[in-house]
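Values in this document were obtained by computation on a predicted structure and should not be read as measured data. Every chain is numbered from 1 and lettered A, B, ... according to where its sequence line falls, protein lines coming before strand lines.
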Protein chains: 2
Amino acid sequence: MANRSCIIRLSRYKNALNRLRTLNFVRVFSDNLADAAGVTAAQVRKDFSLFGITGNRRGGYKVADLADQLNKILGKEQLQEFVLIGVGNIGRALLHYPGFERSGINITAGFDIDPAKYAPEGKPPVLPLERLAEFVKHHSITLAIMAVPDYAAQQVLGLLLSAGIKGVMNFAPICLKAPSGCIVNSINLETELENLIYFVNANENGN
Amino acid sequence: MANRSCIIRLSRYKNALNRLRTLNFVRVFSDNLADAAGVTAAQVRKDFSLFGITGNRRGGYKVADLADQLNKILGKEQLQEFVLIGVGNIGRALLHYPGFERSGINITAGFDIDPAKYAPEGKPPVLPLERLAEFVKHHSITLAIMAVPDYAAQQVLGLLLSAGIKGVMNFAPICLKAPSGCIVNSINLETELENLIYFVNANENGN
DNA sequence: GCGAAAATGTGAAAAAAGGCACAACAGAAC
DNA sequence: GTTCTGTTGTGCCTTTTTTCACATTTTCGC
């Protein structure tokens, strides 16, 4: 029904609404959100209709109500707990990324195989990979971030699956195979930059 | 003509080919690449035909040739120089991300407004933001990575534009407005996690 | 109240993307 | 040389996504 692009747009609308909320705006129109999210007004309304979100035929949408509804859809009503596997360059940055706390995302602990990375008293702590399954089960965590080298990624995914993880954000530059009980989304930094480079070149050489 | 998803698939094919090349594979078929990239074989062939890439009706594609052609399309024949703006948590990780070097991407320098971040002798150096325009022009750099706070992003983009930057990879959680002469691609970590959370929930509650 | 103005909500059209299926072709086997 | 096998390249059909356009509803001014 709702696809990935649609949910990404919902996040954008939500972010725009949060900014409007801090500016004490009460109402917002589909064009405003369209501008903020870089889409058309019709798209905004279609997206909302998919989730049964309705506004007022003359007065647009109430900022606070709309934000609440989007937050609910996006699971922002409760704190979302993640574990992070791979405390390397990227992993460490994510472990301490201040943006997550602000948006209801918490990395409960990091895990690594390298003892040099262990920091059991850190905030968040970094623990040995062997303790992953126990930790995940004890804290009832279902979400993970993977920032491990590509050659280790599929194997680590196996560990996560058997620990009961249901969703994985993967930063390893490889396409992972997962069973239907677990959602895996990937961000590949190199791929994203290649994409940019391609479109810059295409843009230079006459559209 | 070719859209974003198509180029992303090309990157995946390219990555798969590199792995095959290190394993001394000579030939590859569209199904192999399809498996590696998580798409159908017809899609692989369609993508290639869009770029005039042809194989052999019985023998598939030659790994080395195909890799070369994809590398050319993706601009991987020459080293791509980037500047990075915003040496915070994420910016610092990107500045030292070892994966980039391996894939022909070089961050020539980082820039920040905070004097505490300056490291003119670092590798790469971190310089004051005021020196951005001069540096970019002197080194003929056209690509940038932005990892600044959301409230600063649009303003920093203005600086980049006037310095002559043609492509920006943006990590700030905001939708930026850019003129047609400059391509801006964004990665929003929070949005990606929200997306994951949504689909995990949808997956749990009966598809 | 009533008419005018301004947004929404949505069915229907258009556009884009993806998959199927098969003719065409290359190479292997004999 | 001939046949057979296996894979590509692509026209066409299906599905998905986006946009258009307008009837409908709400509010405002008088």
Side-chain angles (χ1 to χ4, degrees), chain A residues 1-13 16-17 20 25-70 73 175 191 195 198-199 202 207, chain B residues 1-13 16-17 20 25-70 73 175 191 195 198-199 202 207:
Chain A
M1 193 137 171
N3 61 14
R4 176 177 156 80
S5 325
C6 174
I7 303 303
I8 288 189
R9 288 193 300 267
L10 291 192
S11 283
R12 294 211 190 121
Y13 306 150
L17 285 166
L20 291 175
F25 275 59
V26 175
R27 290 185 182 163
V28 65
F29 303 121
S30 54
D31 342 9
N32 306 140
L33 292 172
D35 283 350
V39 298
T40 65
Q43 176 88 262
V44 174
R45 298 198 299 269
K46 260 278 158 67
D47 287 339
F48 288 170
S49 102
L50 209 63
F51 289 93
I53 294 175
T54 69
N56 179 307
R57 290 256 185 191
R58 173 73 186 265
Y61 304 86
K62 286 195 174 174
V63 171
D65 286 1
L66 188 49
D68 288 348
Q69 290 184 81
L70 293 180
I73 292 166
C175 196
T191 297
N195 199 269
Y198 174 83
F199 284 105
N207 261 351
Chain B
M1 192 143 174
N3 61 13
R4 175 178 156 82
S5 325
C6 174
I7 304 302
I8 288 189
R9 288 193 299 268
L10 291 191
S11 282
R12 295 214 186 117
Y13 306 150
L17 284 166
L20 292 175
F25 276 58
V26 174
R27 290 188 182 161
V28 65
F29 302 122
S30 53
D31 344 10
N32 307 140
L33 292 173
D35 281 351
V39 299
T40 65
Q43 177 94 79
V44 174
R45 299 199 296 272
K46 263 275 165 68
D47 287 339
F48 289 171
S49 103
L50 209 61
F51 289 93
I53 294 176
T54 70
N56 180 307
R57 291 256 185 190
R58 173 77 183 258
Y61 304 85
K62 286 195 173 172
V63 171
D65 287 0
L66 189 50
D68 287 348
Q69 291 185 79
L70 293 180
I73 292 165
C175 196
T191 297
N195 200 269
Y198 175 84
F199 285 105
N207 263 348

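- Side-chain to base pairing of A/Lys46 with C/dT10: no donor and acceptor N or O lie closer than 3.5 Å to each other.
- Within the structure, a side-chain polar atom (N or O) of A/Gln43 is placed less than 4.0 Å from OP1 or OP2 of D/dT19.
- For the OP1/OP2 pair of D/dT27 and a distance below 4.0 Å, the side-chain nitrogens and oxygens of A/Asn56 include at least one atom meeting the criterion.
- With hydrogens and angles ignored, no donor-acceptor pair closer than 3.5 Å exists between the side chain of B/Arg57 and the base of D/dT7.
- In terms of polar N and O atoms assigned as donor or acceptor, the side chain of A/Arg58 never comes within less than 3.5 Å of the base of C/dT8 in a complementary pairing.
- Between B/Asn3 and C/dA17, a side-chain N or O to OP1/OP2 separation shorter than 4.0 Å is present.
- Nearer to the 5' terminus of DNA chain C, by closest-nucleotide assignment, is the contact made by B/Asp47 (compared with the other of B/Arg27 and B/Asp47).
- Considering only side-chain N and O atoms, A/Ser30 lies under 4.0 angstrom from the phosphate OP1 or OP2 of C/dT8.
- Side chain of B/Phe29, nearest nucleotide from D/dT8, C/dT10, C/dA7: D/dT8.
- In this structure, A/Arg45 places its CZ atom 8 Å from P of C/dG9, rounding to the nearest Å.
- Note on A/Tyr61: a side-chain N or O is less than 4.0 Å away from OP1 or OP2 of C/dG9.
- Applying the 4.0 Å criterion to OP1 and OP2 of C/dG19, one finds that B/Thr40 has a side-chain N or O inside that range.
- The distance between atom CZ of B/Arg9 and atom C1' of C/dG19, rounded to the nearest whole Å, is 12 Å.
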